[in-house]
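In what follows, every chain begins at residue 1, and chains take the letters A, B, ... in the order their sequences are listed.
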2 protein chains.
Amino acid sequence: MSPRGRPDKREAILRTAFTVFAREGYAQATLDAIAAEARVAKHTIYNHFGDKQTLLRAALTAEADLARAKNMAAVDLLRDCVGDPRPALEAVGLRVIQCFCDDGGWALRRLFYAELPQFPDLLDIIEGRAASPVTEALADRLARLALAGQLRLTDPSAAAEQLSALLTGSLESRGRFGTRRIPEDEMRAVARAAVDTFLHAFGGERR
Amino acid sequence: MSPRGRPDKREAILRTAFTVFAREGYAQATLDAIAAEARVAKHTIYNHFGDKQTLLRAALTAEADLARAKNMAAVDLLRDCVGDPRPALEAVGLRVIQCFCDDGGWALRRLFYAELPQFPDLLDIIEGRAASPVTEALADRLARLALAGQLRLTDPSAAAEQLSALLTGSLESRGRFGTRRIPEDEMRAVARAAVDTFLHAFGGERR
DNA sequence: ACTATGATGCACTCGCCAGTGCAAAAAGGA
DNA sequence: TCCTTTTTGCACTGGCGAGTGCATCATAGT
């Protein structure tokens with residue numbers, strides 16, 4: 001199952017397809033438009049992907065991989081955390097929020113959400129490639145911190161879930177569902193507030 | 001601007017249109033299908049709404065009103081709260097979670113999210129009719145509790161935001177984005193955990 | 001230079017669907 | 001009952017877009 005055709009064209013198609021799909025929606029997006037915007041002949045797209053559905057899956061998979069990589073890099077900031085976990089958590093929080101709010105983040109969630117009923121298998125792509133690995137990685141980091149006595153928690157997965165909820169929960173409405181750009185200061189404030197609440201519940205030191 | 005036609009037909013069209021739009025997506029949904037499923041002639045739809053876009057807006061507006069009503073009823077449970085706020089908060093949390101997870105909730109969010117780029121004005125419909133009023137109402141209730149000394153908080157809106165985030169943040173993935181039915185017990189557990197964390201941060205009594 | 005593989009441009013088919021027109025049938029109010 | 005308004009069924013148009021076929025061009029390896 002080796003990928004057919006020139007790899008540079010292939011990647012140009014994937015990137016363009018994702019942006020067009022996200023901007024116009026799967027049904028409204030025309031292969032002619034994607035071909036034009038990617039500076040490629042329509043036939044080339046069919047050479048590489050066969051049909052429109054396959055192109056959608058491929059484009060979404062690629063973007064999901066990208067999103068996972070960015071988020072994993074953010075969570076990994078917790079690896080070298082010594083002493084007070086608050087600054088590290090805030091840094092990670094900010095990075096996670098930035099991933100959530102960048103163009104790819106909004107577009108990925110929108111496209112996924114929109115086309116899920118038509119393509120139920122997108123669920124496996126997204127969950128397996130982006131969502132689950134990231135929260136599990138975060139849970140791992142929190143477990144280590146707990147073991148080091150810097151957090152007080154029994155269920156790392158549950159704590160990770162709540163931390164991500166606190167971080168990203170308000171962003172949809174704050175960012176007007178992708179139509180508004182959230183300023184850096186606001187992101188930092190959200191991260192700070194989220195970590196503050198999180199540490200009230202799971203912080204190691206008694207108050 | 002009196003609504004044309006028989007009102008019963010009108011409502012049947014609205015309900016059916018919403019379900020079909022949510023199930024198939026705006027572009028894939030055909031007016032013939034909606035007409036058939038609503039047991040109505042296609043012409044009747046055009047009599048009432050003029051064209052497909054108007055129908056989408058009307059259907060989405062109606063469902064948003066419904067969602068707001070349900071959520072407001074849930075939040076209002078905090079009105080008659082005396083003594084320990086925990087049980088009341090958990091009750092409200094459960095109700096809010098149920099609203100979020102019922103068929104209408106999933107469908108409304110999906111459809112809104114999916115068609116937002118094509119119809120930017122959906123943002124005003126959803127924000128004005130559903131999202132904002134509910135979180136503001138919740139903020140009002142929290143402010144009253146704070147004034148009564150049962151919570152310790154300075155910014156009711158921020159607290160309301162965090163509480164909703166804790167309640168609903170994990171539901172998207174737990175419910176597999178609408179493809180899985182969350183059992184009642186799990187909802188109750190989520191509500192309990194959310195309120196627990198919330199009270200660690202904003203509870204009135206010192207620990 | 002030669003050849004194979006992929007890229008391009010263009011024209012074309014085929015199916016689908018929003019929206020329309022018309023004439024007949026209900027429904028409802030006086 | 002009569003008249004008006006709404007609903008119905010059906011046939012039709014017009015446009016749009018996925019996917020194909022074919023001939024031609026570019027490119028890379030040998």
Would you kindly give the [atom1]-to-[atom2] distance between [X] and [N], to the nearest whole Å?
| X | N | atom1 | atom2 | value |
| --- | --- | --- | --- | --- |
| A:Arg39 | C:dG9 | CZ | P | 11 Å |
| A:Asn47 | D:dG21 | CG | P | 13 Å |
| A:Phe49 | C:dA7 | CZ | C1' | 15 Å |
| A:His48 | D:dG19 | NE2 | P | 16 Å |
| A:Leu56 | D:dG19 | CG | P | 12 Å |
| A:Asp32 | D:dT20 | CG | P | 14 Å |
| A:Ile13 | C:dA7 | CD1 | C1' | 10 Å |
| B:Gln53 | C:dG19 | CD | C1' | 13 Å |

So which nucleotide from [options] ends up closest to the side chain of [X]?
| X | options | result |
| --- | --- | --- |
| A:Thr44 | C:dA18, C:dA7, D:dG17 | C:dA7 |
| B:Lys9 | C:dA18, D:dT7, D:dT20 | D:dT7 |
| A:Asp51 | D:dA18, D:dG19, D:dT8 | D:dG19 |
| B:Lys52 | C:dA18, C:dG6, D:dA18 | C:dA18 |

- Item | Heavy-atom check, side chain of A:Leu163 versus side chain of A:Val96, under 4.5 Å | no
- Minimum heavy-atom distance B:Ile97-B:Ala191, with the two atoms named: CD1-N, 3.8 Å
- Note on the structure: Closest heavy-atom pair, B:Met72 versus B:Ala137, reported as atoms and distance to 0.1 Å, is SD-CB, 3.7 Å
- Message: Are more than 12 heavy atoms, taken from residues, nucleotides or ligands other than A:Arg192, located less than 6.0 Å from that residue's CZ atom?
- Response: no
- Query: Is the number of heavy atoms from other residues, nucleotides or ligands within 6.0 Å of CD (A:Gln28) greater than 12?
  - Reply: yes
- Below 4.0 angstrom, N of the basic side chain to O of the carboxylate: do B:Arg23 and B:Glu37 qualify? yes
- Task: Taking only heavy atoms on the protein side, list every residue of residues 16-28 of chain B lying under 4.0 Å from any atom of DNA chain C, sorted numerically.
- Result: none
- To the nearest 10 degrees, what angle separates the axes at the start and end of the helix from C:dA1-D:dT30 to C:dA30-D:dT1, five pairs each? 30°
- Message: Taking any heavy-atom pair under 4.0 Å as a contact, classify B:Ala33: base, sugar-phosphate, or nothing.
- Response: nothing
- In terms of the angle between their ring planes, are B:Tyr113 and A:Phe177 parallel, tilted or perpendicular, with boundaries placed at 30° and 60°? perpendicular
- Query: Can you say whether the rings of A:Tyr46 and A:His43 are parallel (under 30°), tilted (30 to 60°) or perpendicular (over 60°)?
  - Reply: perpendicular
- With sequence neighbours left out, write down each residue that passes side chain to side chain donor-acceptor pair (under 3.5 Å) with B:Arg141, or none if nothing qualifies. none
Just the table, please: protein N/O against nucleotides 10-12 of chain D N/O, every pair under 3.5 Å.
none

- Consider only side-chain N and O atoms of B:Thr54 and B:Asp51, and report whether a donor and an acceptor are under 3.5 Å apart. yes
- Note on the structure: Those residues at least two apart in sequence (or on a different chain) that pass side chain to side chain contact (heavy atoms under 4.5 Å, CB included) with A:Ala165 are none
- Query: Who are the salt bridge (Lys or Arg N to Asp or Glu O under 4.0 Å) partners of B:Asp8, not counting sequence neighbours?
  - Reply: none
